[in-house]
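Worksheet: the structure to be examined is printed underneath.
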Amino acid sequence: MTQRSITLALGLLLSACALLHARTPKQIVYRPTDNTLVVPTTHGQVRLPLNGQHLFVADTDFKPQVIDTFKTTHNIHFIEDNFIYPRRAWLNNITNVSLLTAGTHVKLQTYHVLSRQPLTLKAESQWADVYLRFSVNGNSLFVSQTLVPKQDGCYSLSTPSLPIAKPQTGFKAVIPGYVHAEWINPDFVSAYVYEHGMPNKPVVYQDKCATTPVSILQTQDLTIGIAPERQFPRKPYLNGENTHAQWNVGYGAMDVEGKLSPQLYYPVLGTPKAALKKGQKLHFAYRIILSKNNWYDVYKQVIYGMYSFDDMRKATNEQPLTTRINKIYHYMRTQSTKLFRKAECEGVPICAQDYRGGVHGANNDAMKNADYGAMWMTVRMANDTALANDLLPYVRNFKLKQQFATGKYAGAPQGQYFLWKSKRWVEEWGEHIEPIAITYYSLIDVANMLLFEPNDTALRASLRTSANLLLTMQRQDGSWPLGVSLKDETDILPDLKDLRPTFYGMYVSYKMLGDDKYLQAAMRGANWFIAHAVRPTALVGVCGDTRFAPDFATAMSVQALLDMHQLTGDVRYKDAALDMARYFTTYIYTHPADVTPLKDKEGRSLNPLQYTQAGLACEHIGVIGSANPQGPILLSSFAGMFVRLYQQTGDVLFLDMARAAANGRDRFVEPESGIAAYYWAHFNKVALPYPQHAWWQLGWLTDYLVAEAELRSKGRISFPRGFVTPKVGPHKVLGFSAGTIDGENVELTIGNDSLSCHNANLELLVARSTKGSHGYAIVMNSTNRPTQMRLTNASGQCLKAGLVPPFGIEIVKLKNI
């Protein structure tokens with residue numbers, strides 16, 4: 001090639017580059033003719049329609065007003081007065097602020113360009129001026145927004161409306177904790193309360209239940225996520241105070257004109273930041289993420305890229321989880337005479353734990369047991385003959401007497417609670433039979449006991465009676481009623497369907513009894529559940545006192561579908577389970593994962609990771625759930641399942657959420673007993689009055705730790721699982737059958753304090769060989785940095801020393817344990 005031809009080729013190349021540069025601007029351009037932003041991103045050029053911003057103005061003394069006028073589709077005023085706890089939350093979420101009807105509404109839709117680099121726009125009104133400054137990095141549009149009032153007042157301002165979707169062309173709107181919708185539901189109560197589609201009118205959602213502070217809108221061509229920078233959403237704990245209920249930022253999926261658009265509102269009318277003086281500038285910063293991928297990818301970009309959820313890997317423990325397990329066991333054992341109440345039911349001695357919560361018709365005499373599988377597991381692993389002889393037989397009697405013995409509903413639980421003063425059984429709310437309760441308290445509990453007591457003919461007969469009843473109650477289409485009134489046999493709460501994993505009871509029945517009719521019923525039920533609950537993302541919960549708001553039963557449905565896949569090989573069940581698992585991550589708080597020290601009332605520094613909500617799941621989500629007043633719960637039944645899901649999918653969010661839930665929670669643990677509080681808001685103050693929670697904690701902690709050992713050992717360690725626990729989630733029982741370590745049959749033990757690692761961040765599981773006196777110490781590092789191990793026996797002899805890698809494992813074979 002000649003010098004002239006080289007020069008000519010280079011000239012053509014430079015011209016092409018210049019033309020390309022001219023067509024694809026490297027800076028953001030505003031086109032006033034069609035009110036469009038042209039944004040260069042890593043995915044190419046994106047055109048964003050700007051449909052203006054919405055300003056709400058009220059007097060300086062403005063107070064929100066409740067608009068309590070909503071009804072169900074059956075013309076019942078919502079929410080009924082007997083639902084005491086959720087009604088308080090409901091009233092807080094149906095003010096004129098939440099419904100965007102408060103104050104004077106002004107639309108700002110004309111922008112003037114003040115600067116092209118960086119692009120700065122100004123919108124004016126008689127009430128206030130608004131300035132927007134834009135910059136771009138990768139696929140994120142960084143926006144700085146300034147509100148300048150022209151007179152004293154109370155102000156609220158939305159982010160620009162970005163109407164990229166129309167309902168008829170398909171969309172998915174996501175506000176984690178509140179909205180997960182692909183359709184607009186004309187039934188406002190169903191949509192706003194139960195997350196069944198999106199409300200057909202605009203609303204603004206509060207900070208406190210926005211588990212990740214973002215609003216996402218996915219279309220066929222573009223997904224937009226808009227999220228406030230991390231300093232703006234409310235922090236749940238500040239200056240030694242619970243600030244969970246503060247409302248800093250509002251979140252919307254539809255603008256005030258009814259157009260689909262992800263929206264933020266800052267400030268929010270009626271909040272302290274909304275009261276502004278003339279000329280007082282209020283700054284807000286947020287990001288608009290533009291992606292060709294789906295909502296889940298944008299969601300994870302916000303979680304990790306904006307809110308640094310991976311910082312939760314830095315959490316550390318003040319005592320190992322295995323030490324907590326041993327403490328809980330010893331506490332329950334030594335305090336068993338105080339914690340368990342013996343009573344008689346129809347002449348039969350029964351035993352359960354006193355329940356201190358609210359129960360329909362109780363007179364401080366409610367008794368309840370929880371997680372029978374964990375009870376039997378603990379006694380077996382501890383080889384505790386005292387509890388085996390003095391406690392378990394009477395707990396078993398409680399379970400058998402709990403079931404109706406005769407009549408149309410023979411085999412159904414008469415209620416979760418026994419009132420020992422009035423000698424009767426009651427439900428959490430109302431007098432009715434729920435098919436999901438048969439699954440929980442008549443089938444799962446009994447089946448988990450039978451795994452340990454396979455020759456108990458009374459339990460097996462009870463299981464068959466209950467299985468046949470659940471089969472009889474199944475409708476032709478595969479569904480079940482939500483519940484049936486015992487007074488007149490009408491359906492309870494007719495506005496709700498049984499969008500719950502009731503079919504799992506049929507799965508359990510088939511696994512334990514082997515009759516094909518149960519398998520066919522399980523498949524019909526699972527197929528109906530996928531069509532009516534999974535595909536439209538529409539579920540209800542299992543807590544009657546919260547009017548069945550969506551709750552931890554969503555996590556249980558994931559495991560139920562996974563079990564159906566393992567049983568049948570039908571990939572539809574696996575795909576549905578993964579869809580539900582990704583959805584359930586939105587029940588889990590991901591902020592603040594902040595490592596900046598907090599201050600208490602006296603100004604002392606606190607480790608923020610010990611107080612954070614990040615990694616903890618809601619008991620119930622949405623506008624009537626317990627997360628409104630209480631925040632999330634410490635009961636993290638999902639953790640073991642999430643470890644297994646990571647093993648199946650490689651999705652690190654599952655693993656990070658499992659570990660964040662389990663580690664660094666010492667501020668919520670009662671020191672003597674090792675029992676954690678139930679609600680985040682209680683810290684460690686309200687653990688002991690609810691001792692039945694201890695069995696749930698023993699269950700999920702054991703399931704999680706064994707799942708971690710199985711994952712980290714890459715198959716060297718394996719233990720069989722039983723069935724999930726009733727009600728509170730998907731953790732599974734162990735200990736009824738031997739597991740394996742390097743191909744050798746072993747049994748897990750608890751309560752053994754003869755071995756120690758002398759490090760709070762090292763977990764120590766102990767397993768004995770089923771043949772001989774030798775065994776294994778399984779040591780796991782729960783931190784993201786190398787940790788020194790010194791494994792000693794009761795006499796102080798060092799059995800193994802060395803560094804355990806970050807989140808690593810050491811398996812030590814021992815001669816005598």
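Computed over heavy atoms, backbone and side chain alike; hydrogens, waters and symmetry mates excluded.
The cationic group of Lys201 lies under 6.0 Å from the six-membered ring centre of Phe188 and within 45° of the ring axis, placing it in a cation-pi geometry. Figure legend: cation-pi geometry between Arg500 and Phe548, with NZ or CZ positioned under 6.0 Å from the six-membered ring centre and within 45° of its axis.
Judged by distance alone, with hydrogens and angles left aside, the side-chain atoms of Asn51 form no donor-acceptor pair with the main-chain N or O of Ser161 at under 3.5 Å. The main-chain N or O of Leu108 is never found under 3.5 Å from a side-chain atom of His54 such that the two would form a donor-acceptor pair. Distance alone, capped at 3.5 Å, is enough to place a donor-acceptor pair between the Asn185 side chain and the Asp187 backbone. Formation of a donor-acceptor pair under 3.5 Å by the Gln53 side chain with backbone atoms of Ser158 is found in this model. Checking side-chain atoms of Asn35 against main-chain N and O of Leu50 turns up a donor-acceptor pair under 3.5 Å. A distance-only check finds no donor-acceptor pair linking the side chain of Ser485 to the backbone of Thr490 [under 3.5 Å]. Remark: the backbone N or O of Pro49 is not paired with any side-chain donor or acceptor of Thr36 at under 3.5 angstrom. In terms of modelled atom types and a separation under 3.5 Å, the side chain of Gln65 and the main chain of Asn96 share no donor-acceptor contact. Counting only distance, with no hydrogens or angles, the side chain of Thr612 and the backbone of Leu609 share no donor-acceptor pair below 3.5 Å. Under a 3.5 Å cut-off, the side chain of Arg234 and the backbone N or O of Val249 do not form any donor-acceptor pair.
A salt bridge links Asp68 with Arg87; the closest basic N to acidic carboxylate O contact falls under 4.0 Å.
There is a side-chain donor-acceptor pair under 3.5 Å between Asn93 and Gln206. Between the side chains of Gln613 and His244, at least one donor-acceptor pair of N or O atoms lies under 3.5 Å. Counting only N and O atoms by type, the side chains of Tyr299 and Thr586 include no donor and acceptor under 3.5 Å apart. Looking at Asp207 and Tyr251, their side chains do bring a donor and an acceptor atom within 3.5 Å of each other. With 3.5 Å as the limit, one finds no donor-acceptor pair spanning the side chains of Asn628 and His620. Between the side chains of Tyr678 and Glu619, a donor-acceptor pair is found at a separation under 3.5 Å. Side-chain N/O atoms of Arg665 and Ser636 include no donor and acceptor closer than 3.5 Å. Counting only N and O atoms by type, the side chains of Tyr583 and Glu195 include a donor and acceptor under 3.5 Å apart.
Taking the six-membered ring wherever Trp is involved, the centroid distance between the rings of Phe78 and Tyr192 does not fall below 6.0 Å.
Annotation: side chain of Gln145 is not in contact with side chain of Leu264 (no heavy-atom distance under 4.5 Å).
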| Could you walk me through whether Thr554 and Tyr587 pass the side chain to side chain donor-acceptor pair (under 3.5 Å) check? | CA-CA 9 Å; Thr554 301; Tyr587 286 43; 2.9 Å; yes
| Derivation of the side chain to side chain donor-acceptor pair (under 3.5 Å) call for Thr72 and Asp495 | CA-CA 7 Å; Thr72 70; Asp495 56 298; 4.7 Å; no
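Remark: Tyr85 OH is loosely packed, at most 12 non-hydrogen atoms of other residues, nucleotides or ligands lying under 6.0 Å away. Counting non-hydrogen atoms of other residues, nucleotides and ligands closer than 6.0 Å to CZ of Arg133 gives a total of 12 or fewer. The environment of NZ in Lys497 is sparse: at most 12 heavy-atom neighbours from other residues, nucleotides or ligands sit within 6.0 Å. Residue Lys278 places its NZ atom among 12 or fewer non-hydrogen atoms of other residues, nucleotides or ligands, all under 6.0 Å distant.
Between Tyr266 and Phe232, the ring-plane angle classifies as perpendicular under the 30° and 60° cut-offs. Between Tyr237 and Trp680, the two ring planes are perpendicular [angle over 60°; tilted spans 30° to 60°].
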